Every structure is written in C-alpha cells, then in structure tokens.
Amino acid sequence: MRPDMPDVLILGGTGEARALAAALVDEGVDVESSLAGRVSEPRLPVGAVRIGGFGGPDGLVDHLREHGVGVVVDATHPFAARITRNAVAACATAGVRYLRLARPAWEPRPSDTWTRVPDMTAAAQIVADRGGRVFLTTGRQDVAVFADIDDAWFLIRVVDVPDTALPPRHRILRSRGPYTLESERGLIADHAIDLLVTKNSGGPLTAPKLQAAAERGVEVVVVDRPTEPAGLDAVSRVSDAVVRVRELLRPA
Ligand code: NAP
C-alpha cells in the first residue's frame, strides 16, 4: 500500500460502518469512509471521510484506481441495493477485494403480528386497504409512495423532512435512533397507532418498535430486503469484518 492512500474504503451510512471505521483506525489501518450525503447532518465516522456519489460503477472504479484502495467493505444499509450492486461490479472490474458487512434481518417472534411484503408499493397497498392510524418508519425516501392514501392518518418518523409529496393527513416527527422500548411504547400509545410500517432493517438500534407494537397487538407491515448479488464474501458482525479485513490486507 502507498502510505498516503487508504488501505480500506468503507461504504457507509450505518452504525456498523462507523463502528468498523473506529475499530480499523484503532488498529492503525488507513481507512476512508464514504457517505452518500443524504442527511443534512450525518454522524461522521472517525478517520478520513468523503461525501457524495461516485457517478455510478465507472466512477467508483476510477476512485478505487486513483486512490489505490486495497479492500472495499460495503457496510451500507441492507436496503441500499444500488450502491451494493455498483460496488460488487466496480471491485470486479478494478480487481479490488470486496467484503459485505450487513446485519442479520429481523425474524418474527411468536408474539408478533407481521405482514411481510416484497416492496414499498405492496406496503402502501396494505395501508390503503386497512386505513387507520399508521406509524411510518420507512425513511424519507419512501414516504412519497404513501402520498395518495387519504383514508389513513400517518405519524411519519424521519431524520430530515421529506421534500416529496406527503399523504394529506400526517404529522412529521423528526428524530434519529437509537430508540428505547419505553419511548416506542409511548409513541404508539399516545398516537393510538394501529399499524406500523417498517423495512426489515435488522439490528438492535431500531428494533424496540417491534416489541412495543407486539405488546399492544399492533399489526406490523414488514418490507422484505432487496436481494443481494449471490456468492458475496459476507459477514454480519463488525468484529468478524475486522478479522476478515486483516486477512484480505495480508499480502498473498
Ligand atoms: P442506493 O439507492 O443504493 O444508492 C443510490 C446512489 O447513492 C448510489 O448509486 C451512489 O451514487 C450513492 N451512494 C449510496 N451510498 C453511498 C455511499 N456510502 N457512498 C457514496 N455514494 C453512495 O442508496 P440509498 O438507499 O439511497 O442509501 C444512501 C445511503 O444511506 C447509503 O450509504 C446507506 O448506507 C444509507 N442508508 C440507507 C437507508 C435505506 O433505507 N436505504 C437507511 C439508512 C441508511 P453513485 O451511483 O453516484 O455512486
């Protein structure tokens, strides 16, 4: 590795990506983290950070070559499917090693009332059918899919206010996780929620809403994860990613 160049490029935007950056920097690995630039005040990882898209897979190939990156760790959110596809393709083209770090999906427990759907459009169809008082936790980019539904009232929890169309009856709640079971119980009770909509993001930071919904018998519409490319070199824990990165950085 050249001393002025990052050994590892972390594609981030998640808590796992920040934890990995901290762990690798601690070990003296030269790391650059990349963020898409979607939120106005992102939580920044330690170490070098760049912000903004690369300009598709070709732009990412150029970045990998210009910066002499040795390993790409794709620690992006399980629903950020495009950057994962781009990273897999760019690493193959540039001959750079690729590692996927993705937290496991949530699985329903016996007390949960889940309706699983393949995508956000299917989730919106269920909401349109059910009506009622909906807690929408899908993130800002997906709110527009629910904009035509006027038979439901929405509590829309987002980090930044959406700049897209919104359903006619709603309240915006700006906040950022992690959330506690107590606060989720309070929100669901105070707003008399009878339907929760969530992506199957996985991980502990936003999981308490599932328990809070189960306790009140609230139905949860769970959007399944998009499919990832087959055969990825993948781990689900930060500690395993650290071990794997060490192996990948070792000269052959
Ligand atoms: P996406 O649809 O997979 O990616 C769209 C485009 O955004 C990519 O083609 C790429 O632009 C750029 N991009 C995405 N992640 C990037 C990164 N880490 N560094 C540089 N460019 C990136 O992604 P998304 O769903 O909009 O998510 C954007 C970011 O937010 C991701 O990094 C993800 O980890 C984080 N996030 C997403 C969600 C979610 O539910 N989707 C939730 C929490 C956090 P170019 O093609 O120009 O390179």
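Remember, predicted model here, so these are calculated numbers, not experimental data. Counting convention: from 1, in listed order, for ligands and their atoms alike.
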Next item on the list: State, to 0.1 Å, how close L64 and A94 come at their nearest heavy-atom pair, and which atoms those are.
Entry: CD1-CB, 4.1 Å
Check: Are any of the side-chain heavy atoms of P162 and V143 separated by less than 4.5 Å?
Finding: yes
Next item on the list: Could you tell me whether some N/O pair between L11 and ligand 1 is separated by less than 3.5 angstrom?
Entry: no
Checklist line | Among H77, R38, E16, closest by any non-hydrogen atom to atom 36 (N) of ligand 1 | finding: H77
Margin query: Please check whether T14 reaches ligand 1 - meaning an N/O of the residue sits under 3.5 Å from an N/O of the ligand, judged on distance alone.
Written below: no
Check: Using a distance-only test with no angle check, is there a side-chain donor-acceptor pair under 3.5 angstrom linking Q211 and R109?
Finding: yes
Check: Is G56 in contact with ligand 1, taking contact as a heavy-atom separation below 4.0 Å?
Finding: yes
Next item on the list: Give the contacting part of A81 toward ligand 1: side chain, backbone, both or neither, where contact means a heavy-atom distance below 4.0 Å.
Entry: backbone
Checklist line | Min N/O separation R82 to ligand 1 under 3.5 Å | finding: yes
Notebook entry, point to check: Between F54 and H63, how do the two ring planes meet: parallel, tilted or perpendicular, split at 30° and 60°?
Noted result: perpendicular
Next item on the list: Check whether I149 and V158 end up in the same hydrophobic cluster, where Ile, Leu, Val, Met, Phe, Trp and Tyr are linked by side-chain heavy atoms less than 4.5 Å apart.
Entry: yes
Margin query: Side chain or backbone, does K199 bring an N or O within less than 3.5 Å of an N or O on ligand 1?
Written below: yes
Notebook entry, point to check: Short N/O distance, under 3.5 Å, between G55 and ligand 1?
Noted result: yes
Next item on the list: May I ask you to say whether E247 pairs ionically with R97, meaning some side-chain N is under 4.0 Å from a carboxylate O?
Entry: no
Check: Is the shortest N/O to N/O distance between T76 and ligand 1 below 3.5 Å?
Finding: no
Next item on the list: Tell me, with the steps shown, if V88 and N86 meet side chain to side chain contact (heavy atoms under 4.5 Å, CB included).
Entry: CA-CA 6 Å; V88 171; N86 290 357; over 6 Å; no
Item checked: Ligand-side contact atoms (ligand 1) for residue partner N86, heavy atom cut-off under 4.0 Å -> 9 (O), 46 (O)
Next item on the list: Report, in ascending order of atom number, the atoms of ligand 1 lying under 4.0 Å from any heavy atom of G12.
Entry: 18 (N), 31 (C), 32 (O), 33 (C), 34 (O)
Notebook entry, point to check: Do E219 and R130 meet the salt-bridge criterion of a basic N to acidic O distance under 4.0 Å?
Noted result: yes
Note to self: Looking at ligand 1, is there an atom of it that comes within less than 4.0 Å of some heavy atom belonging to S33?
What the structure shows: no
Next item on the list: Just go through A17, A36, G37 and tell me whose heavy atom is the nearest to atom 15 (N) of ligand 1.
Entry: A36
Margin query: I'd like the name of whichever of G53, P226, P42 reaches closest to atom 12 (C) of ligand 1 through any heavy atom.
Written below: G53
Margin query: So that I can tick it off, tell me whether D233 and R100 are bridged by a salt bridge, with the cut-off set at under 4.0 angstrom between side-chain N and carboxylate O.
Written below: no
Notebook entry, point to check: Regarding R133 and the six-membered ring of F154, is the cationic atom NZ or CZ under 6.0 Å from the ring centre and inside 45° of its axis?
Noted result: no
Check: Using a heavy-atom cut-off of under 4.0 Å, does the side chain or the backbone of L35 touch ligand 1, or both, or neither?
Finding: backbone
Notebook entry, point to check: ligand 1 versus R50, non-hydrogen atoms closer than 4.0 Å: side chain, backbone, both, neither?
Noted result: side chain
Margin query: Quick check on contacts: which atoms of ligand 1 are under 4.0 angstrom from a heavy atom of S34?
Written below: 17 (C), 18 (N), 19 (N), 20 (C)
Notebook entry, point to check: So which protein heavy atom does atom 10 (C) of ligand 1 come closest to, and at what separation?
Noted result: I83 CD1, 3.9 Å
Notebook entry, point to check: Just going by heavy-atom distances, which of G177, G13, S201, A80 is nearest to atom 27 (O) of ligand 1?
Noted result: A80
Check: Just checking, any donor-acceptor pair under 3.5 angstrom between side chains of Y98 and D74?
Finding: yes
Item checked: Enumerated ligand 1 atoms positioned under 4.0 Å from heavy atoms of Q141 -> 24 (P), 25 (O), 26 (O)
Next item on the list: Return the residue, atom name and 0.1 Å-rounded distance of the protein heavy atom closest to atom 48 (O) of ligand 1.
Entry: F54 N, 2.7 Å
Item checked: Test log, rule side-chain hydrogen bond (donor to acceptor under 3.5 Å, both in side chains), inputs R50 and S34 -> CA-CA 5 Å; R50 65 165 299 287; S34 175; 2.7 Å; yes
Next item on the list: Locate the shortest heavy-atom distance separating V238 from E16; write the atom from each residue and the value.
Entry: CG2-O, 3.8 Å
